[in-house]
Number of protein chains: 2
Amino acid sequence: MIVVPLGKDYELQDCPIARALELVGERWTILVIRDCFLGVRRFNDFLAHLDIPRAVLTNRLDRLVIEGMLKRREYCPGRNEYLLTKRGLSLWPILHSLAEWGDQEAAPRAGRRRLFAHVECGTDLDAAGACPACGIVPDAGDVEIRPGPGAELALRDDQVTRALLRPHRILEPLEITPARSTRSGHVRSFRRSAQATEQRLPSM
Amino acid sequence: MIVVPLGKDYELQDCPIARALELVGERWTILVIRDCFLGVRRFNDFLAHLDIPRAVLTNRLDRLVIEGMLKRREYCPGRNEYLLTKRGLSLWPILHSLAEWGDQEAAPRAGRRRLFAHVECGTDLDAAGACPACGIVPDAGDVEIRPGPGAELALRDDQVTRALLRPHRILEPLEITPARSTRSGHVRSFRRSAQATEQRLPSM
DNA sequence: CCGGCAGGTCTGTTCATTGAACTTAGGGTA
DNA sequence: TACCCTAAGTTCAATGAACAGACCTGCCGG
(Lines give C-alpha, C1' and ligand atoms only; values in the text may rest on other atoms or scores of the structure.)
Protein backbone atom coordinates (compact mmCIF):
# COMPACT_ATOMS: atom_id res chain seq x y z
CA MET A 1 0.00 0.00 0.00
CA ILE A 2 0.89 3.60 0.56
CA VAL A 3 0.29 3.70 -3.12
CA VAL A 4 -1.14 7.11 -3.88
CA PRO A 5 -2.24 6.63 -7.44
CA LEU A 6 -5.75 8.08 -7.35
CA GLY A 7 -6.65 10.35 -10.17
CA LYS A 8 -8.39 13.60 -9.56
CA ASP A 9 -5.27 15.51 -10.40
CA TYR A 10 -5.84 18.93 -11.77
CA GLU A 11 -2.09 19.28 -11.89
CA LEU A 12 -1.89 21.93 -14.51
CA GLN A 13 -4.54 24.05 -12.89
CA ASP A 14 -2.27 26.12 -10.80
CA CYS A 15 -4.86 27.84 -8.69
CA PRO A 16 -5.75 27.52 -5.03
CA ILE A 17 -9.19 26.10 -5.79
CA ALA A 18 -7.75 23.35 -7.93
CA ARG A 19 -5.16 22.56 -5.27
CA ALA A 20 -7.87 22.30 -2.66
CA LEU A 21 -9.92 20.03 -4.88
CA GLU A 22 -6.97 17.74 -5.42
CA LEU A 23 -7.03 17.03 -1.71
CA VAL A 24 -10.72 16.98 -0.91
CA GLY A 25 -12.46 16.89 -4.26
CA GLU A 26 -12.80 13.17 -4.73
CA ARG A 27 -16.10 11.49 -4.38
CA TRP A 28 -17.03 10.78 -0.72
CA THR A 29 -14.07 12.65 0.77
CA ILE A 30 -16.06 15.64 1.96
CA LEU A 31 -18.77 13.44 3.43
CA VAL A 32 -16.19 11.45 5.37
CA ILE A 33 -14.87 14.68 6.81
CA ARG A 34 -18.37 15.90 7.60
CA ASP A 35 -18.92 12.72 9.59
CA CYS A 36 -15.69 13.32 11.46
CA PHE A 37 -17.02 16.69 12.55
CA LEU A 38 -20.26 15.09 13.66
CA GLY A 39 -18.37 12.69 15.88
CA VAL A 40 -17.96 9.57 13.77
CA ARG A 41 -14.57 7.97 14.28
CA ARG A 42 -14.67 4.31 13.35
CA PHE A 43 -14.47 2.40 10.14
CA ASN A 44 -17.72 0.56 10.64
CA ASP A 45 -19.55 3.67 11.74
CA PHE A 46 -18.56 5.54 8.59
CA LEU A 47 -19.62 2.49 6.66
CA ALA A 48 -23.04 2.33 8.29
CA HIS A 49 -23.72 6.02 7.94
CA LEU A 50 -22.42 6.65 4.44
CA ASP A 51 -23.29 3.50 2.52
CA ILE A 52 -19.87 3.78 0.97
CA PRO A 53 -18.13 0.74 -0.47
CA ARG A 54 -15.57 -0.58 1.98
CA ALA A 55 -12.69 -0.36 -0.45
CA VAL A 56 -13.45 3.27 -1.21
CA LEU A 57 -13.67 4.11 2.47
CA THR A 58 -10.32 2.46 3.12
CA ASN A 59 -8.88 4.42 0.26
CA ARG A 60 -10.28 7.76 1.40
CA LEU A 61 -9.25 7.31 5.01
CA ASP A 62 -5.74 6.31 3.96
CA ARG A 63 -5.46 9.31 1.72
CA LEU A 64 -6.76 11.71 4.37
CA VAL A 65 -4.27 10.31 6.87
CA ILE A 66 -1.41 10.64 4.40
CA GLU A 67 -2.40 14.22 3.63
CA GLY A 68 -2.51 15.03 7.31
CA MET A 69 -6.22 15.76 7.52
CA LEU A 70 -6.91 12.83 9.86
CA LYS A 71 -4.79 10.92 12.29
CA ARG A 72 -5.21 7.22 12.87
CA ARG A 73 -5.16 6.01 16.45
CA GLU A 74 -5.34 2.48 17.82
CA TYR A 75 -7.92 2.62 20.56
CA CYS A 76 -7.42 -1.06 21.21
CA PRO A 77 -5.13 -3.57 19.53
CA GLY A 78 -5.86 -3.82 15.83
CA ARG A 79 -8.68 -1.28 15.87
CA ASN A 80 -8.31 2.22 14.64
CA GLU A 81 -10.21 5.40 15.04
CA TYR A 82 -9.79 8.46 12.89
CA LEU A 83 -9.52 11.93 14.37
CA LEU A 84 -9.39 15.29 12.68
CA THR A 85 -6.02 16.96 12.91
CA LYS A 86 -5.49 20.70 13.03
CA ARG A 87 -5.30 20.64 9.27
CA GLY A 88 -8.52 18.66 9.03
CA LEU A 89 -10.27 21.09 11.35
CA SER A 90 -9.25 23.92 9.07
CA LEU A 91 -11.62 22.51 6.46
CA TRP A 92 -14.58 23.70 8.47
CA PRO A 93 -15.27 26.87 6.46
CA ILE A 94 -15.55 24.76 3.31
CA LEU A 95 -18.07 22.42 4.91
CA HIS A 96 -19.91 25.36 6.33
CA SER A 97 -20.24 27.14 3.00
CA LEU A 98 -21.43 23.94 1.35
CA ALA A 99 -24.00 23.38 4.06
CA GLU A 100 -25.26 26.96 3.84
CA TRP A 101 -25.60 26.75 0.10
CA GLY A 102 -27.29 23.38 0.31
CA ASP A 103 -29.79 24.78 2.76
CA GLN A 104 -30.51 27.87 0.72
CA GLU A 105 -30.44 26.52 -2.80
CA ALA A 106 -31.05 22.80 -2.66
CA ALA A 107 -34.21 23.10 -0.64
CA PRO A 108 -34.43 20.99 2.47
CA ARG A 109 -37.52 18.90 2.07
CA ALA A 110 -38.91 19.63 5.50
CA GLY A 111 -36.78 21.92 7.59
CA ARG A 112 -33.29 21.29 8.82
CA ARG A 113 -32.47 17.93 10.26
CA ARG A 114 -29.67 19.19 12.47
CA LEU A 115 -29.19 22.41 14.33
CA PHE A 116 -26.07 23.77 15.96
CA ALA A 117 -26.35 25.52 19.28
CA HIS A 118 -24.07 27.27 21.74
CA VAL A 119 -23.83 24.99 24.76
CA GLU A 120 -23.32 27.81 27.29
CA CYS A 121 -26.57 29.59 26.54
CA GLY A 122 -28.53 27.13 24.41
CA THR A 123 -28.97 29.59 21.55
CA ASP A 124 -28.98 28.33 17.96
CA LEU A 125 -26.03 29.53 15.92
CA ASP A 126 -26.66 31.84 13.00
CA ALA A 127 -25.69 31.23 9.38
CA ALA A 128 -22.16 32.43 10.03
CA GLY A 129 -21.74 30.08 12.97
CA ALA A 130 -21.90 32.79 15.61
CA CYS A 131 -24.05 32.82 18.73
CA PRO A 132 -26.52 35.70 18.35
CA ALA A 133 -27.03 35.93 22.11
CA CYS A 134 -23.39 36.04 23.18
CA GLY A 135 -22.04 37.73 20.07
CA ILE A 136 -19.15 35.32 19.75
CA VAL A 137 -18.17 32.45 17.51
CA PRO A 138 -17.99 29.52 19.93
CA ASP A 139 -15.15 27.02 19.84
CA ALA A 140 -15.88 23.53 18.61
CA GLY A 141 -16.05 22.20 22.13
CA ASP A 142 -18.91 24.55 22.94
CA VAL A 143 -21.12 23.64 20.02
CA GLU A 144 -23.91 21.15 20.40
CA ILE A 145 -25.63 19.29 17.60
CA ARG A 146 -29.31 18.62 18.10
CA PRO A 147 -32.21 17.50 15.96
CA GLY A 148 -34.06 20.16 13.97
CA PRO A 149 -37.66 20.25 12.77
CA GLY A 150 -36.96 17.94 9.85
CA ALA A 151 -35.18 15.31 11.88
CA GLU A 152 -38.14 12.96 12.05
CA LEU A 153 -38.18 12.61 8.30
CA ALA A 154 -34.69 11.21 8.12
CA LEU A 155 -34.27 8.94 5.14
CA ARG A 156 -31.89 6.67 6.95
CA ASP A 157 -32.15 4.48 9.99
CA ASP A 158 -28.76 3.14 10.87
CA GLN A 159 -27.14 3.23 14.29
CA VAL A 160 -25.09 6.26 13.47
CA THR A 161 -28.04 8.26 12.21
CA ARG A 162 -29.90 7.41 15.41
CA ALA A 163 -26.93 8.41 17.52
CA LEU A 164 -26.77 11.74 15.71
CA LEU A 165 -30.34 12.49 16.71
CA ARG A 166 -29.35 12.63 20.33
CA PRO A 167 -27.94 16.01 21.29
CA HIS A 168 -24.19 15.88 21.71
CA ARG A 169 -21.21 18.14 21.44
CA ILE A 170 -19.50 18.43 18.11
CA LEU A 171 -16.29 16.41 17.63
CA GLU A 172 -17.19 14.19 20.59
CA PRO A 173 -17.36 10.49 19.90
CA LEU A 174 -20.88 9.24 19.28
CA GLU A 175 -22.76 6.99 21.66
CA ILE A 176 -23.64 4.18 19.31
CA THR A 177 -26.38 1.85 20.46
CA PRO A 178 -25.42 -1.64 19.43
CA ALA A 179 -28.02 -3.12 17.12
CA ARG A 180 -28.65 -6.40 18.93
CA SER A 181 -26.15 -8.46 20.96
CA THR A 182 -26.24 -6.71 24.32
CA ARG A 183 -23.17 -8.54 25.37
CA SER A 184 -20.47 -7.02 23.19
CA GLY A 185 -18.48 -6.33 26.29
CA HIS A 186 -15.03 -5.35 25.25
CA VAL A 187 -16.15 -3.00 22.52
CA ARG A 188 -18.56 -1.10 24.74
CA SER A 189 -15.89 -0.58 27.28
CA PHE A 190 -13.85 1.30 24.72
CA ARG A 191 -16.64 3.45 23.36
CA ARG A 192 -16.04 6.42 25.61
CA SER A 193 -12.35 5.88 26.06
CA ALA A 194 -11.26 8.41 23.49
CA GLN A 195 -12.16 11.76 24.92
CA ALA A 196 -12.31 14.91 22.89
CA THR A 197 -8.80 16.14 22.34
CA GLU A 198 -7.91 19.80 22.22
CA GLN A 199 -9.57 20.09 18.89
CA ARG A 200 -10.91 23.51 18.11
CA LEU A 201 -12.77 24.81 15.14
CA PRO A 202 -10.85 27.62 13.50
CA SER A 203 -14.06 29.43 12.78
CA MET A 204 -17.59 28.29 12.75
CA MET B 1 -30.12 14.96 -24.96
CA ILE B 2 -31.51 16.51 -21.84
CA VAL B 3 -30.70 13.13 -20.40
CA VAL B 4 -29.71 13.62 -16.80
CA PRO B 5 -28.27 10.27 -15.93
CA LEU B 6 -24.99 11.20 -14.28
CA GLY B 7 -24.16 9.43 -11.09
CA LYS B 8 -22.78 11.30 -8.15
CA ASP B 9 -25.98 10.79 -6.26
CA TYR B 10 -25.67 10.75 -2.54
CA GLU B 11 -29.43 10.31 -2.46
CA LEU B 12 -29.67 8.74 0.91
CA GLN B 13 -27.45 11.32 2.52
CA ASP B 14 -30.14 13.71 3.51
CA CYS B 15 -27.96 16.57 4.56
CA PRO B 16 -27.35 19.97 3.02
CA ILE B 17 -23.72 19.21 2.26
CA ALA B 18 -24.63 16.09 0.34
CA ARG B 19 -27.30 17.97 -1.56
CA ALA B 20 -24.82 20.66 -2.50
CA LEU B 21 -22.33 18.05 -3.65
CA GLU B 22 -24.92 16.39 -5.84
CA LEU B 23 -25.08 19.62 -7.82
CA VAL B 24 -21.50 20.80 -7.85
CA GLY B 25 -19.48 17.85 -6.58
CA GLU B 26 -18.65 16.17 -9.85
CA ARG B 27 -15.21 16.33 -11.27
CA TRP B 28 -14.50 19.61 -13.12
CA THR B 29 -17.79 21.28 -12.18
CA ILE B 30 -16.28 23.67 -9.65
CA LEU B 31 -13.45 24.58 -11.98
CA VAL B 32 -15.91 25.40 -14.74
CA ILE B 33 -17.73 27.71 -12.37
CA ARG B 34 -14.48 29.27 -11.21
CA ASP B 35 -13.70 30.09 -14.82
CA CYS B 36 -17.13 31.67 -15.22
CA PHE B 37 -16.33 33.99 -12.34
CA LEU B 38 -13.00 34.85 -13.94
CA GLY B 39 -14.74 35.88 -17.12
CA VAL B 40 -14.57 32.79 -19.31
CA ARG B 41 -17.78 32.32 -21.29
CA ARG B 42 -17.13 30.23 -24.35
CA PHE B 43 -16.83 26.56 -25.01
CA ASN B 44 -13.43 26.80 -26.62
CA ASP B 45 -12.09 29.08 -23.93
CA PHE B 46 -13.06 26.67 -21.17
CA LEU B 47 -11.48 23.95 -23.23
CA ALA B 48 -8.22 25.82 -23.67
CA HIS B 49 -7.99 26.85 -20.04
CA LEU B 50 -9.06 23.64 -18.34
CA ASP B 51 -7.64 20.86 -20.49
CA ILE B 52 -10.93 19.11 -19.97
CA PRO B 53 -12.15 16.49 -22.45
CA ARG B 54 -14.66 18.03 -24.80
CA ALA B 55 -17.37 15.52 -24.01
CA VAL B 56 -17.02 16.14 -20.30
CA LEU B 57 -17.19 19.88 -20.78
CA THR B 58 -20.35 19.53 -22.85
CA ASN B 59 -21.83 17.37 -20.15
CA ARG B 60 -20.94 19.75 -17.31
CA LEU B 61 -22.19 22.85 -19.10
CA ASP B 62 -25.46 21.10 -19.97
CA ARG B 63 -25.94 20.01 -16.41
CA LEU B 64 -25.16 23.45 -15.01
CA VAL B 65 -27.64 25.02 -17.43
CA ILE B 66 -30.31 22.48 -16.48
CA GLU B 67 -29.73 23.11 -12.79
CA GLY B 68 -30.02 26.83 -13.32
CA MET B 69 -26.46 27.71 -12.41
CA LEU B 70 -25.61 28.96 -15.90
CA LYS B 71 -27.64 30.32 -18.74
CA ARG B 72 -26.81 29.67 -22.34
CA ARG B 73 -26.99 32.61 -24.73
CA GLU B 74 -26.47 32.71 -28.48
CA TYR B 75 -24.20 35.66 -29.06
CA CYS B 76 -24.24 34.96 -32.77
CA PRO B 77 -26.04 32.29 -34.77
CA GLY B 78 -24.99 28.83 -33.65
CA ARG B 79 -22.53 30.05 -31.02
CA ASN B 80 -23.23 30.02 -27.35
CA GLU B 81 -21.82 31.70 -24.35
CA TYR B 82 -22.44 30.64 -20.79
CA LEU B 83 -23.28 33.16 -18.10
CA LEU B 84 -23.69 32.73 -14.39
CA THR B 85 -27.26 33.11 -13.21
CA LYS B 86 -28.27 34.44 -9.81
CA ARG B 87 -28.14 30.91 -8.54
CA GLY B 88 -24.70 30.38 -10.02
CA LEU B 89 -23.47 33.58 -8.42
CA SER B 90 -24.65 32.31 -5.07
CA LEU B 91 -21.92 29.66 -5.24
CA TRP B 92 -19.30 32.30 -4.59
CA PRO B 93 -18.85 31.61 -0.87
CA ILE B 94 -18.04 28.00 -1.68
CA LEU B 95 -15.40 28.98 -4.22
CA HIS B 96 -14.06 31.55 -1.83
CA SER B 97 -13.67 29.10 1.04
CA LEU B 98 -11.97 26.60 -1.24
CA ALA B 99 -9.59 29.26 -2.53
CA GLU B 100 -8.77 30.43 0.99
CA TRP B 101 -8.08 26.92 2.16
CA GLY B 102 -6.01 26.16 -0.91
CA ASP B 103 -3.92 29.23 -0.27
CA GLN B 104 -3.41 28.49 3.40
CA GLU B 105 -3.01 24.74 3.38
CA ALA B 106 -1.97 23.66 -0.08
CA ALA B 107 0.96 26.01 -0.27
CA PRO B 108 1.18 28.19 -3.32
CA ARG B 109 4.54 27.47 -4.81
CA ALA B 110 5.54 31.11 -5.20
CA GLY B 111 2.95 33.56 -3.99
CA ARG B 112 -0.52 34.06 -5.34
CA ARG B 113 -1.02 34.14 -9.05
CA ARG B 114 -4.11 36.31 -8.90
CA LEU B 115 -5.13 39.10 -6.62
CA PHE B 116 -8.51 40.71 -6.22
CA ALA B 117 -8.72 44.44 -5.75
CA HIS B 118 -11.38 47.06 -5.21
CA VAL B 119 -11.57 49.06 -8.45
CA GLU B 120 -12.63 52.33 -6.77
CA CYS B 121 -9.58 52.64 -4.55
CA GLY B 122 -7.18 50.03 -5.89
CA THR B 123 -6.82 48.27 -2.54
CA ASP B 124 -6.38 44.50 -2.43
CA LEU B 125 -9.28 42.67 -0.85
CA ASP B 126 -8.75 40.82 2.39
CA ALA B 127 -9.36 37.13 3.03
CA ALA B 128 -13.06 37.73 3.59
CA GLY B 129 -13.39 39.62 0.31
CA ALA B 130 -13.77 43.03 1.90
CA CYS B 131 -11.88 46.20 1.01
CA PRO B 132 -9.78 47.13 4.06
CA ALA B 133 -9.58 50.78 2.96
CA CYS B 134 -13.27 51.39 2.35
CA GLY B 135 -14.57 48.94 4.90
CA ILE B 136 -17.11 47.48 2.52
CA VAL B 137 -17.55 44.27 0.58
CA PRO B 138 -17.56 45.48 -3.02
CA ASP B 139 -20.03 44.20 -5.58
CA ALA B 140 -18.76 41.94 -8.30
CA GLY B 141 -18.70 44.78 -10.80
CA ASP B 142 -16.22 46.66 -8.65
CA VAL B 143 -13.72 43.88 -8.24
CA GLU B 144 -10.68 43.68 -10.42
CA ILE B 145 -8.52 40.63 -10.99
CA ARG B 146 -4.84 41.29 -11.46
CA PRO B 147 -1.66 39.26 -11.49
CA GLY B 148 -0.02 38.55 -8.15
CA PRO B 149 3.62 37.88 -7.30
CA GLY B 150 3.45 34.28 -8.48
CA ALA B 151 1.87 35.08 -11.81
CA GLU B 152 5.07 34.77 -13.80
CA LEU B 153 5.46 31.16 -12.79
CA ALA B 154 2.20 30.10 -14.32
CA LEU B 155 2.31 26.49 -15.41
CA ARG B 156 0.08 27.10 -18.38
CA ASP B 157 0.39 29.18 -21.45
CA ASP B 158 -2.85 29.15 -23.32
CA GLN B 159 -4.73 32.18 -24.60
CA VAL B 160 -7.08 32.22 -21.67
CA THR B 161 -4.33 32.09 -19.09
CA ARG B 162 -2.63 34.97 -20.84
CA ALA B 163 -5.85 36.93 -20.93
CA LEU B 164 -6.30 36.38 -17.22
CA LEU B 165 -2.94 37.98 -16.54
CA ARG B 166 -4.21 41.31 -17.82
CA PRO B 167 -6.11 43.20 -15.14
CA HIS B 168 -9.85 43.10 -15.76
CA ARG B 169 -13.05 43.27 -13.83
CA ILE B 170 -14.52 40.08 -12.52
CA LEU B 171 -17.40 38.55 -14.49
CA GLU B 172 -16.47 40.64 -17.53
CA PRO B 173 -15.78 38.74 -20.72
CA LEU B 174 -12.10 38.17 -21.33
CA GLU B 175 -10.11 39.84 -24.08
CA ILE B 176 -8.71 36.80 -25.78
CA THR B 177 -5.76 37.40 -28.09
CA PRO B 178 -6.14 35.11 -31.04
CA ALA B 179 -3.14 32.81 -31.27
CA ARG B 180 -2.11 33.52 -34.85
CA SER B 181 -4.53 34.47 -37.69
CA THR B 182 -4.90 38.19 -37.12
CA ARG B 183 -7.80 38.25 -39.48
CA SER B 184 -10.51 36.40 -37.62
CA GLY B 185 -12.84 39.23 -38.38
CA HIS B 186 -16.31 38.19 -37.48
CA VAL B 187 -15.34 36.60 -34.20
CA ARG B 188 -13.40 39.62 -33.01
CA SER B 189 -16.34 41.82 -33.72
CA PHE B 190 -18.40 39.80 -31.30
CA ARG B 191 -15.83 39.57 -28.53
CA ARG B 192 -16.99 42.62 -26.67
CA SER B 193 -20.60 42.44 -27.70
CA ALA B 194 -21.79 40.76 -24.56
CA GLN B 195 -21.40 43.33 -21.86
CA ALA B 196 -21.49 42.57 -18.20
CA THR B 197 -25.06 42.00 -17.17
CA GLU B 198 -26.41 43.02 -13.82
CA GLN B 199 -24.57 40.18 -12.18
CA ARG B 200 -23.59 40.83 -8.61
CA LEU B 201 -21.72 38.72 -6.15
CA PRO B 202 -23.85 37.96 -3.14
CA SER B 203 -20.80 38.31 -0.92
CA MET B 204 -17.17 38.32 -1.66
C1' DC C 1 -15.42 26.73 -53.35
C1' DC C 2 -11.65 26.43 -50.06
C1' DG C 3 -9.84 26.74 -45.50
C1' DG C 4 -10.59 27.91 -40.79
C1' DC C 5 -13.16 28.12 -36.70
C1' DA C 6 -16.86 27.30 -33.07
C1' DG C 7 -19.09 23.84 -31.01
C1' DG C 8 -20.05 19.73 -30.82
C1' DT C 9 -20.46 14.02 -31.38
C1' DC C 10 -18.33 9.32 -31.77
C1' DT C 11 -15.08 5.71 -30.46
C1' DG C 12 -11.85 2.72 -28.18
C1' DT C 13 -9.16 2.53 -24.05
C1' DT C 14 -8.11 3.41 -19.32
C1' DC C 15 -9.35 4.14 -14.73
C1' DA C 16 -12.41 4.56 -10.61
C1' DT C 17 -16.46 2.94 -8.26
C1' DT C 18 -19.42 -0.62 -6.83
C1' DG C 19 -21.10 -4.72 -4.17
C1' DA C 20 -20.18 -9.03 -2.63
C1' DA C 21 -17.26 -12.46 -0.96
C1' DC C 22 -13.24 -13.50 1.52
C1' DT C 23 -9.40 -12.72 5.25
C1' DT C 24 -7.24 -11.77 9.55
C1' DA C 25 -6.94 -11.11 14.37
C1' DG C 26 -8.66 -10.76 18.96
C1' DG C 27 -12.16 -11.89 22.43
C1' DG C 28 -16.05 -14.15 24.75
C1' DT C 29 -18.73 -18.41 25.77
C1' DA C 30 -19.34 -23.26 26.81
C1' DT D 1 -10.51 -26.67 23.05
C1' DA D 2 -14.03 -25.73 19.74
C1' DC D 3 -17.14 -22.36 18.23
C1' DC D 4 -18.97 -17.94 17.20
C1' DC D 5 -18.74 -12.99 17.14
C1' DT D 6 -17.09 -8.33 15.71
C1' DA D 7 -13.80 -4.80 13.64
C1' DA D 8 -11.32 -3.66 9.99
C1' DG D 9 -9.62 -4.65 6.05
C1' DT D 10 -8.40 -7.01 1.15
C1' DT D 11 -9.62 -9.11 -3.29
C1' DC D 12 -12.26 -9.46 -7.38
C1' DA D 13 -15.48 -9.18 -11.40
C1' DA D 14 -18.71 -5.97 -13.42
C1' DT D 15 -20.05 -1.44 -14.36
C1' DG D 16 -19.74 3.22 -15.49
C1' DA D 17 -17.37 7.45 -16.06
C1' DA D 18 -13.27 9.95 -17.85
C1' DC D 19 -9.99 10.42 -21.34
C1' DA D 20 -7.64 11.50 -25.96
C1' DG D 21 -8.18 11.85 -30.41
C1' DA D 22 -10.63 11.60 -34.74
C1' DC D 23 -14.58 12.99 -36.97
C1' DC D 24 -18.78 15.99 -38.18
C1' DT D 25 -21.51 20.29 -39.13
C1' DG D 26 -22.70 25.11 -40.08
C1' DC D 27 -21.02 29.55 -40.89
C1' DC D 28 -17.90 32.84 -42.54
C1' DG D 29 -14.37 35.51 -45.34
C1' DG D 30 -11.54 35.52 -49.27
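None of these values were measured; they are calculated from a predicted model. Chain identifiers are assigned alphabetically (A, B, ...) following the order of the sequence lines, protein sequences preceding nucleic acid strands; residue numbering begins at 1 within each chain.
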TODO: Could you check A:Leu171, A:Ile170, A:Val119 and say which one makes a side-chain contact (heavy atoms from CB on, under 4.5 Å) with A:Val143?
DONE: A:Ile170
Task: Presence of donor-acceptor pair under 3.5 Å, side chain of A:Arg54 and base of D:dA8 - done: yes
Task: Length of the CZ-C1' vector between B:Arg73 and C:dG7, whole Å - done: 17 Å
Task: Heavy-atom donor-acceptor pair, B:Thr85 side chain to B:Gly68 backbone, under 3.5 Å - done: yes
TODO: Return the value, rounded to whole Å, for the distance between atom CG of A:Asp62 and atom C1' of D:dG9.
DONE: 10 Å
TODO: Check the side chains of B:Arg72 and B:Tyr82 for a donor-acceptor pair under 3.5 angstrom, ignoring hydrogens and angles.
DONE: yes
TODO: Look at the side chain of B:Arg79 against the base of C:dG7 and say whether a donor-acceptor pair falls under 3.5 Å; ignore hydrogens and angles.
DONE: no
Open item on the list: Below the 4.0 Å mark, does D:dG9 have OP1 or OP2 next to a side-chain nitrogen or oxygen of A:Asn80?
Closed with: yes
TODO: With the side chain of A:Arg72 defined as its heavy atoms from C-beta on, choose the nearest nucleotide among C:dT18, D:dA7, D:dG9.
DONE: D:dG9
TODO: Using Watson-Crick or G-U wobble pairs with both distances under 3.5 Å, give me DNA chain D in dot-bracket, 5' to 3', with [ ] for crossers and | for pairs to another strand.
DONE: ||||||||||||||||||||||||||||||
Task: Distance in angstrom units between B:Leu57 CG and C:dG8 P, rounded - done: 8 Å
Open item on the list: Nearest heavy atom decides the nucleotide; on that basis, is B:Gly78 or A:Gly78 closer to the 5' end of DNA chain C?
Closed with: B:Gly78
Open item on the list: Does B:Arg42 contact C:dG7 through a side-chain donor or acceptor facing the base, at a distance under 3.5 Å?
Closed with: no
Task: Nearest-neighbour nucleotide for the B:Ala55 side chain, C:dA6, C:dC10, D:dA8 considered - done: C:dC10
Task: Atom pair CG (B:Leu57) and CG (B:Leu61), whose distance is rounded to the nearest 0.5 Å - done: 4.0 Å
Task: Candidates B:Arg166, B:His168, B:Arg162 - the one meeting side-chain contact (heavy atoms from CB on, under 4.5 Å) with B:Leu164 - done: B:His168
TODO: Mind calculating the distance between CG (A:Leu50) and P (C:dT18) to the nearest angstrom?
DONE: 11 Å
- [ ] Report the distance from atom CG of B:Leu47 to atom C1' of D:dA20, rounded to the nearest whole Å.
- [x] 12 Å
Task: Geometric cation-pi criterion, B:Arg42 with B:Tyr75: 6.0 Å, 45° - done: yes
Task: Value in whole Å for how far the P atom of C:dG8 lies from CZ of B:Arg60 - done: 15 Å
TODO: Check whether any side-chain nitrogen or oxygen of B:Trp28 sits under 4.0 Å from OP1 or OP2 of D:dC19, and answer yes or no.
DONE: yes
Open item on the list: Output the rounded distance in Å from OH (A:Tyr75) to C1' (C:dG26).
Closed with: 12 Å
- [ ] On the 0 to 90° scale, with breaks at 30° and 60°, tag the B:Trp92-B:Phe37 ring pair as parallel, tilted or perpendicular.
- [x] tilted
TODO: To the nearest Å, give me how far apart CZ (B:Phe46) and P (C:dG8) are.
DONE: 11 Å
Task: Options C:dT17, C:dG7, D:dG9, nucleotide nearest the side-chain atoms of A:Val56 - done: C:dT17
Open item on the list: Nearest 0.5 Å, please: how far is CZ in A:Arg19 from CD1 in A:Ile17?
Closed with: 10.5 Å
Open item on the list: Does A:Tyr82 reach a base, just sugar-phosphate, or nothing at all? Heavy atoms under 4.0 Å.
Closed with: sugar-phosphate
- [ ] For D:dA17, take OP1 and OP2 only and decide whether either is under 4.0 Å from a side-chain N or O of A:Arg27.
- [x] no
